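Positions are given from 1, in the same order as the sequence printed here. Excluded from the calculations below are hydrogen atoms, water molecules and symmetry mates; all remaining heavy atoms, backbone and side chain alike, are included. Just so we're clear, the structure is a prediction, and the values are computed from it rather than from any experiment.
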Amino acid sequence: MAAEQFDDTWIWHPSFTEERADTAGLLVHFRRDLVLDGEPPESVKLHLTADTRYKLFVNSRLVTFGPVKGDLSRWFYDEVDIGPFLVPGTNRIRVLVLRFFNSTYYAATFPRGPVGGLRIVAADKQNEDTSGSSLAHELRGGSAWETAIDPFTILPINEPEDDFLHTYERVTRPAGQELEWVAARSHRFQKSTGVVPPWHLSPRLIPRMALKTAHFTSLHNVQSRLPLADWEAVLVHGGGGAEDRSETSPRGGLVLPAGSSHRIDIEAPHHMTAFLRFRFGRSSTAGSKLSVRYAESYEDTPVLVPYLRRKGHRCDYSKSLFGPVDQYELQGAAPPEQLLGHYADEENREVFAPFHFRSFRFLQLTIDVGPSDLVFEGVDVQEANYPLDVVASAQAAGPDAAGMDKLWSTSVRTLVNCMHDTYEDCPFYEQLQYAMDTRSTILFTYYVSGDDRLARQAMLQLRDSFQPGLGLTSSRAPAHKPQVIPHFSLFWVAMLADHWAFFGDAAFLAPFGPVVDAVLGYFDARVDRAATGLVVSDNRDGVWNFVDWTEQWRPYGIPPAAVRTSVCTYTNHLYAYALKRAAELARVAGRPHLAEEYVERAAGVVRGLRAHCFDRTFFTDSLAAGADAAGDYSVHNQVWAVLSGAAAPGPAARDMLRHCLSGETNGRFVQASVSMAFYTLRALSAVGGGLYDELFHGFWAPWRAQLDNGVTTWEEDAVSQRSDCHAWGSAPLYELTAEVAGVRPAGPGWAAVCVEPRLALFPEFKAAVPMKAVDGSPTGMVHVSWRGVSPGVQSVALRVELADPAVTVPVHVKLPGQPVHVLDSSSPMDFVVRRSTQKAVVEQN
C-alpha cells in the first residue's frame, strides 16, 4: 500500500485563535521579499486563494483581490500573473487576509472553513524550466513567508445597522504597540484514502470585478471652521485643483488645525458600491480620529433599525443619515519596519482603506484632529461591480413615453449594483444570493447583456446547497448561515428551465436533474391525497414558508390563512408551475416518462386548487371554505393562478386580474410588493386580450413615485423601505425588451427568434436586444423599431444581426391581426401596420 500523502500548500499564522468575542474576525498579514538580478520574467503565474478573503500587493500596488465567494464544496482560486508588477532588485510581496471566525454566525454572507489559510502555488500550466515558473514555485507558501495578526482592527458585532456583513472596521492602535511577525506554518492535510483538505478547490468561473474611478458631486451640512470651497476642492474637485484655495488649503491637501473637529456630508452621483481610500499626510503624532458613516438616503429616525425605515425624498438634507460606521485612529509617524507596503509613499502618507467594498449614496465624514495639524488629502473612490456589458437599449417616444429612459437607466444601475462575485439581494445590508431574487435578476441580465457566466455560477452554488435530509436547496447560497425557504427551491428549478430556453445547453443542465427531482419530491411527499390533493405546509422549526413582504402578512411574510390551515394556495400554484418547467428539463434530458409524471402531478394540484381554493370568482389564500372575505384574498394568488394554469387565459382570468389590481377593491386584496411585480406582469401578458397593454403605463406609477423621491436605484419594498437598492425592481429591463419590443427565444439557445411587438404602447419605439453571449460577447442582436408614417399607419422594421454571417435562424414575426410569419434572419423584414383594420402587410422590397 502506498504511503499516506499530504497537502501542505496552505499556510497560516501558527498562533491564530478564534477565541476573541469582540470581533467577527481578524486581519492577518503575510509578507515576502524577493531579490531579482536583472530584468524580471514577463510572466509569473500563481494560483492564489484564502479563507476567507485576500488582497495581493506587489511593490505597493494592489494586484488583485478575492477569492470569489464560494463554499467548502466549491472553493474558488484565482490565477494571477504578477510578472508585470515585478522590478529588478528587491520586490515586496504582501498579502492581507480577512479571516471570519468559523464558530460564529457573524458575516453570514461569507462561507468559511474550520481553519484559516492562505494558499499560493505555481499555476499548473507553467513549464518547470522557464524562469517565470521557477520564480512562481519559489513563491509557494511555506515558512519563508512571514505573518502577523493585526490585533488593532476589529470587525464590530454590535453595529445596529449591520446584521449580516460585519465588514465594517474599528481600527485603534495604542502607542508603542507594533505587529509581531513570525514565520508562517504550513497546514498538513491528508489527501489520500479519500480524505482531502476542507476546501474543494475550483478555478474562478466568472471574470474579475470591474473597477471604475468615481467622484463625489456635492457637500451638505458642513460643520467646520474651514471654508466650504476648501472642502469642495479636496472632496469634490479632486483636491489641489481649485484656484480660489485659502491659505489653509495648499496644493496636495487641506490642513486641519490641531484640536479641531469637522463633520461633512458627502453626496455621490448615485447609489454605488465602491472601494474607498481616505488619504492623509502622515502626521508627526498619533491621536487624530476618522469616522465614516455610510447611508443610502436622508431619512427620519427609523422605526426599527435596520428593518423599518421612514424615508421621503432621499435628498432632504434637513433630515439625518443613518447607517453603519467605520472608525479609524490615525497612527502618525511609524518606523520603516512597521510600514506594510500596501500603497506608495507610506513614509509620508497614511491611508485608511477598508478591506471590503462599501455600499452608499451618502457618506458622513467626521474628523477629530489630535495634538498636531493634520493634512487631509481626499478620498479615492473606485466603483466595483461584475463587469456587465450592457448592449441592449430601448427608447420610446410619444405622450406616454415621458420618463421611460429614467426607468431603464435606473433599472440598469440597480441591476449592476446587485452583481459582484455573486448576485445579491441588496448590497447595503446582506449581499446574499437568494434564489427567488436571483431568478428574475438573471432574466434581466440575459436581456441586457446575454451574459450567463454569473448565472451559471449561481445555479451551481444553489445546487451545491442542497440538503439531502430535507430535500431542499438553501434559500440562499453561498452563505455561512444556512436558511430554508421551500418556495425558493422552486424558483431555482425555474431558473434552470430559463437557462435552457436562452442557451440550450443540455450538458450543463444534465447534472441538476437528480436535485430537481428531489426538490419536487419534497412537495410531493406533502400532498394530502386523501382529502384535497394539495400540498400541506411543512411548519417545523428551521423552515420558513415566506411568500412576500406585505403589511398584512407581518412579521414573517406568510398569509394568515395559510398559518391557520397549513394549506397555502401560493405554495400549490408555485409547485404546479415548477413541475411544468421541470417537465421541460426532463424532456431535454431524454426522460419523457418523468416529464409526463411531472405534468400529471401539476394537473392534480391544479384540480385541487380549483376545487378547494377557488370561490368561483377568485382564488383564496388558503381553503375557500371558511375564508375571511376581508383578509384571505391577495393579488398573489390571482397572479399565480394564471401562471400555474389554475386560471385559464380568457375573459374570466382577465376580469379576475383587472379587479384585484384596480384601486376599487376597497383593500380586499393584499397587494403584491415589488418582488412580485415581474410575476404580475407575466400573468398580465399570459391572459391575453390586451390587458397587458391596458395596464402597462399605469403599472409604473410606484416606480415613478420613487424617482420623484430622488432614488437612483430601486428600493427593496415600499413597506419597510429598508434598502434603496434591490434588483428585483429592475423589471422595466425585461418589459421593454421581451414584451414591448416582443423579442424572445423561439427555440432553445435562440435557435429561432420570436418577435411580437406591442405596437399600441408607443407611437415610436426602438430597441436592440442581445441573443445569448459566449464569454460575455453576444452571438447576435435583434433590432426592433417602429414609427408612425401617417394617421393610423405604422412602419415596423426588424433586423437580426448574427456574429457569424454564415449562420441564419428562422424568425417568427407576429404582428397585430396577422398570423405568424416565419422568415429567414437574412431576409428584409419591413412591415406596415394599418390600425384601422389592424392588418399588417409585408412591404415589397
Side-chain angles (χ1 to χ4, degrees), residues 487 527-528 531-537 545 547-553 557-580 602-673 675-696 698-699 701-702:
H487 298 137
V527 172
D528 180 3
T532 63
L534 297 172
V535 176
V536 176
S537 296
N545 295 303
V547 176
D548 192 14
W549 293 121
T550 73
E551 190 65 48
Q552 298 92 330
W553 294 350
I558 305 172
V563 176
R564 292 196 309 268
T565 67
S566 291
V567 173
C568 180
T569 305
Y570 171 85
T571 301
N572 285 274
H573 283 313
L574 182 56
Y575 174 46
Y577 173 83
L579 282 166
K580 294 177 182 179
V605 172
V606 165
R607 286 194 295 271
L609 285 164
R610 290 170 175 166
H612 299 286
C613 302
F614 185 51
D615 69 3
R616 299 299 173 259
T617 306
F618 301 106
F619 285 83
T620 54
D621 290 344
S622 184
L623 302 176
D628 180 356
D632 291 348
Y633 289 81
S634 63
V635 168
H636 307 71
N637 281 308
Q638 319 318 311
V639 164
W640 281 96
V642 173
L643 299 179
S644 71
R654 289 194 288 274
D655 289 345
M656 180 182 74
L657 288 179
R658 183 184 289 107
H659 185 80
C660 74
L661 291 170
S662 73
E664 302 172 0
T665 57
N666 297 317
R668 180 183 181 188
F669 290 87
V670 174
Q671 295 298 301
S673 80
S675 69
M676 284 286 164
F678 173 75
Y679 297 99
T680 303
L681 288 158
R682 300 288 64 72
L684 293 176
S685 176
V687 295
L691 186 61
Y692 182 97
D693 287 12
E694 176 186 327
L695 300 183
F696 176 84
F699 193 88

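Counting only N and O atoms by type, the side chains of Asp615 and Tyr633 include a donor and acceptor under 3.5 Å apart.
Contact detail for Phe619 and Leu609: the closest heavy-atom pair is CE2-O, 4.0 Å. Summarising the geometry of Arg610 relative to Ala646, their closest heavy-atom pair is NE-O, 2.9 Å, with the distance given to 0.1 Å. Taking every heavy atom of both residues into account, Ala576 and Val606 meet most closely at CB-CG2, 4.2 Å. The minimum heavy-atom distance between His612 and Ala531, with the atom names listed, is NE2-O, 3.8 Å. Among all heavy-atom pairs drawn from Val547 and Trp553, the shortest one is CG1-CZ3, 3.7 Å. Between Tyr679 and Val639, the shortest heavy-atom distance links the atoms O-CG1, 3.3 Å.
Of the inter-residue distances, the one linking His636 atom NE2 with Thr680 atom OG1 reads 7.5 Å to the nearest 0.5 angstrom. Taken to the nearest 0.5 Å, the CD atom of Gln671 stands 7.0 Å off from the SG atom of Cys660. Rounding to the nearest 0.5 Å gives a distance of 8.0 Å between OG of Ser537 and CG of Asn572. In this structure, the separation between OG on Ser662 and CG on Asp655 is 11.0 Å, given to the nearest 0.5 Å. Atom-to-atom distance recorded for Trp640:CH2 and Tyr575:OH is 15.0 Å, nearest 0.5 angstrom. Taking CZ from Phe614 and CD from Gln638, the interatomic distance works out to 8.5 Å, rounded to the nearest 0.5 Å.
The side-chain heavy atoms of Leu534 and Asp528, taken from C-beta on, include no pair separated by under 4.5 Å.
Judged by distance alone, the side chain of Arg658 and the main-chain N or O of Met656 form no donor-acceptor pair under 3.5 Å. Between the side chain of Thr569 and the backbone N or O of Thr620, at least one donor-acceptor pair lies under 3.5 Å. A donor-acceptor pair under 3.5 Å is absent between the side-chain atoms of Gln552 and the main chain of Pro559, judged by distance alone.
By the salt bridge (Lys or Arg N to Asp or Glu O under 4.0 Å) test, Asp632 is found to be paired with Arg564, residues two or more places apart in sequence or in another chain being considered. Evaluation of the side chain to side chain donor-acceptor pair (under 3.5 Å) rule for Asp621 yields Ser634, Asn637 as partners, not counting sequence neighbours. In this structure, the salt bridge (Lys or Arg N to Asp or Glu O under 4.0 Å) partners of Arg682, at least two apart in sequence or on a different chain, are Glu735, Glu739. Listed by chain and number, the residues in a side-chain contact (heavy atoms from CB on, under 4.5 Å) with Asp693 are Arg758, Ala760, Leu761 (sequence neighbours excluded). Among residues two or more places apart in sequence or in another chain, the side-chain contact (heavy atoms from CB on, under 4.5 Å) test is passed with Thr565 by Val567, Ser622.
Ring orientation note: the planes of His659 and Phe669 are nearly perpendicular, at an angle over 60° on the 30°/60° scale.
Of the listed residues (Asn545, Asp548, Thr571), just one forms a side chain to side chain donor-acceptor pair (under 3.5 Å) with His487, and that residue is Thr571.
Counting only residues at least two apart or in different chains, salt bridge (charged side-chain N to carboxylate O under 4.0 Å, His left out) contacts with residues 633-651 are absent.
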**OP:** Evaluate side chain to side chain contact (heavy atoms under 4.5 Å, CB included) for Leu695 paired with Leu657, printing each intermediate quantity in order.
**Re:** CA-CA 10 Å; Leu695 300 183; Leu657 288 179; over 6 Å; no
